[in-house]
Number of protein chains: 2
Amino acid sequence: MKDIRPKLITLLKTDYATPQIARLAKRITSPSTTIHYNIKRLEDEKAILTYKAVFDYKKIGEGFCSYVLVSLSPEEYADPEKIARDLAKHSEIESVDICTGDWEIVLKVRTKDQDAYYDLVRRVLSRRGISKTKTLMSMKQLKTEFVNV
Amino acid sequence: MKDIRPKLITLLKTDYATPQIARLAKRITSPSTTIHYNIKRLEDEKAILTYKAVFDYKKIGEGFCSYVLVSLSPEEYADPEKIARDLAKHSEIESVDICTGDWEIVLKVRTKDQDAYYDLVRRVLSRRGISKTKTLMSMKQLKTEFVNV
DNA sequence: GTTAATATTTGAATATTCTCCAAATGGATA
DNA sequence: TATCCATTTGGAGAATATTCAAATATTAAC
């Protein structure tokens, strides 16, 4: 008997959920077909990208969260997107933004613990093109993905 | 006829979605009752907090995204959580973390445009207890909430 | 303003999916 | 091996999503 929950968590992190049309219909007091029509519209015009679960990350072994400010070396200024796309591939990285100011890229990262974070920094963030990083370690999370926790 | 889509967006931002058990069952090739049992377990132990939609925020009038590093005045160091909880109440604020280092609180904020952001800073971030803020404006978002965009 | 074209709302019927239950299986312990 | 508890599974019923066609509302054209 093998535990399928890690697999479920992986899938639900970005997908495999769907809107509750009947519940929305009750909440807004419109016929569910109207809700259905309007949601399909949002999906068709790609205003809604996906439906997913939000986790208590401590309980799924991703309790260590930090923001990483990344500074690029001058030769990368022209195309920060290349490095940013590379970073976005990693499942531990929740968000990737290309920003203005002293730091060209801002990451939000979730790992099991500080060791796993250190490992990620070595594997992923110590590379040509990245000249400097600054880590802001989250000690307590009050809200994430618009959800109060 | 009044547009219900803003209301749908608000509700789907934090809730009103549900897992697709049948689709997960196909993907993992287990009976859907097994999937159901395991997901209920994750929900019961509150590893899963909610199911929600992820949006193309530009398309729902929240195209301006920035990270705000907040520095507290010394008298607030003892209890940053009070201010943080206050900040978390605002619907424009996607995440709130209490962090180590030079900046005690890190926010991720989404507004319609720079004007709306400026307005939020004035209304919410110009207050006793907050001594300084630094804004990192996102020019391009590559990944958010684990979803590549 | 009136008409025509298009978009949205809605109810009814069907298709699909979820959920409950009870039985079977698996794993752990003594 | 026997016992206990957790997990898996199939079947049945309940709930929900989806399709379709008709009605209504909105917009555009004249």
Side-chain angles (χ1 to χ4, degrees), chain A residues 1-63 91 112 145-149, chain B residues 1-63 91 112 145-149:
Chain A
M1 221 187 278
K2 98 172 214 289
D3 191 7
I4 60 173
R5 290 189 301 155
K7 213 175 294 185
L8 292 176
I9 289 170
T10 301
L11 295 173
L12 285 169
K13 229 181 216 178
T14 60
D15 196 358
Y16 289 91
T18 189
Q20 294 180 291
I21 291 174
R23 191 151 81 93
L24 286 163
K26 257 179 221 139
R27 177 68 164 68
I28 303 188
T29 50
S30 307
S32 65
T33 43
T34 303
I35 304 293
H36 184 267
Y37 175 84
N38 279 279
I39 286 187
K40 276 290 162 291
R41 222 151 94 62
L42 287 167
E43 292 172 357
D44 289 347
E45 67 201 20
K46 306 222 190 298
I48 292 177
L49 299 174
T50 189
Y51 305 90
K52 56 158 278 174
V54 177
F55 299 93
D56 181 336
Y57 293 95
K58 268 181 287 192
K59 293 197 176 148
I60 62 167
E62 301 182 18
S91 64
K112 184 174 188 298
E145 297 159 76
F146 292 108
V147 177
N148 285 89
V149 293
Chain B
M1 220 189 278
K2 96 173 213 289
D3 192 7
I4 60 174
R5 291 188 302 154
K7 213 175 296 186
L8 292 176
I9 289 170
T10 301
L11 295 173
L12 286 169
K13 228 182 215 179
T14 60
D15 198 0
Y16 289 91
T18 189
Q20 293 180 290
I21 292 175
R23 192 151 82 94
L24 286 164
K26 255 178 225 141
R27 179 67 164 69
I28 303 189
T29 48
S30 308
S32 64
T33 43
T34 303
I35 304 294
H36 184 265
Y37 175 84
N38 279 280
I39 285 187
K40 277 288 161 291
R41 224 150 91 62
L42 288 167
E43 292 171 358
D44 289 346
E45 65 202 22
K46 305 220 190 300
I48 292 177
L49 300 174
T50 189
Y51 305 90
K52 56 159 278 175
V54 176
F55 299 93
D56 181 335
Y57 293 96
K58 267 180 287 189
K59 292 196 177 148
I60 62 167
E62 301 182 19
S91 64
K112 185 174 187 299
E145 298 159 74
F146 292 107
V147 178
N148 285 89
V149 293

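Values below: all heavy atoms of this structure, side chains included; hydrogens, waters and symmetry mates excluded. Below, chains carry the letters A, B, ... as their sequence lines are ordered, and counting in each starts from 1.
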**Request:** Examine distances only and state if a side-chain atom of B/K59 and a backbone atom of A/E45 form a donor-acceptor pair shorter than 3.5 Å.
**Result:** yes
**Message:** Assess, by modelled atom type and distance only, whether the side chains of B/Y51 and B/Q20 contain a donor and an acceptor separated by less than 3.5 Å.
**Reply:** no
**Message:** Output the rounded distance in Å from CD1 (B/I35) to P (D/dG10).
**Reply:** 12 Å
**Request:** Whole angstrom is fine here: how far is it from CZ in A/R41 over to C1' in C/dT6?
**Result:** 12 Å
**Request:** Flag the pair A/T14 / B/V54 as yes when at least one side-chain heavy-atom distance between them is below 4.5 Å, and no otherwise.
**Result:** no
**Message:** Measuring to OP1 and OP2 of D/dT8, would you say a side-chain N or O of B/N38 lies under 4.0 angstrom away?
**Reply:** yes
**Message:** Given C/dG11, C/dC18, D/dG10, identify the nucleotide with an atom nearest to the side chain of A/P31.
**Reply:** C/dG11
**Message:** Any side-chain N or O of B/H36 below 4.0 angstrom from OP1/OP2 of C/dT19?
**Reply:** yes
**Request:** Keeping the roles fixed (side chain from A/K52, backbone from B/E145), state whether a donor-acceptor pair exists under 3.5 Å.
**Result:** yes
**Request:** Take the protein atom CD of B/Q20 and the nucleotide atom C1' of D/dT18, then report the distance between them rounded to whole Å.
**Result:** 14 Å
**Message:** Without decimals, in angstroms, what is the distance between B/Y37 OH and D/dG11 P?
**Reply:** 21 Å
**Prompt:** Counting side-chain heavy atoms from CB outward, which of D/dT18, C/dT10, D/dT8 is closest to A/I21?
**Reply:** D/dT18
**Fill in**
When rounded to whole Å, the OH to P distance for the pair B/Y16 and D/dT16 reads 13 Å
**Selection from C/dT19, D/dT18, D/dT8 that lies nearest to any side-chain heavy atom of B/S32** = C/dT19
**Prompt:** Which nucleotide in the set D/dG11, C/dT9, D/dT8 lies at the smallest distance from any side-chain heavy atom of B/T33?
**Reply:** D/dG11
**Request:** Check the distance between C/dT19's C1' and A/R23's CZ and give it to me in whole angstrom.
**Result:** 16 Å
**Asked** Rounding to a whole Å, what distance do you find between A/D3:CG and C/dG27:C1'?
**Response** 14 Å
**Prompt:** 5'-most contact on DNA chain C: A/S30 or A/T18, nearest heavy atom basis?
**Reply:** A/S30
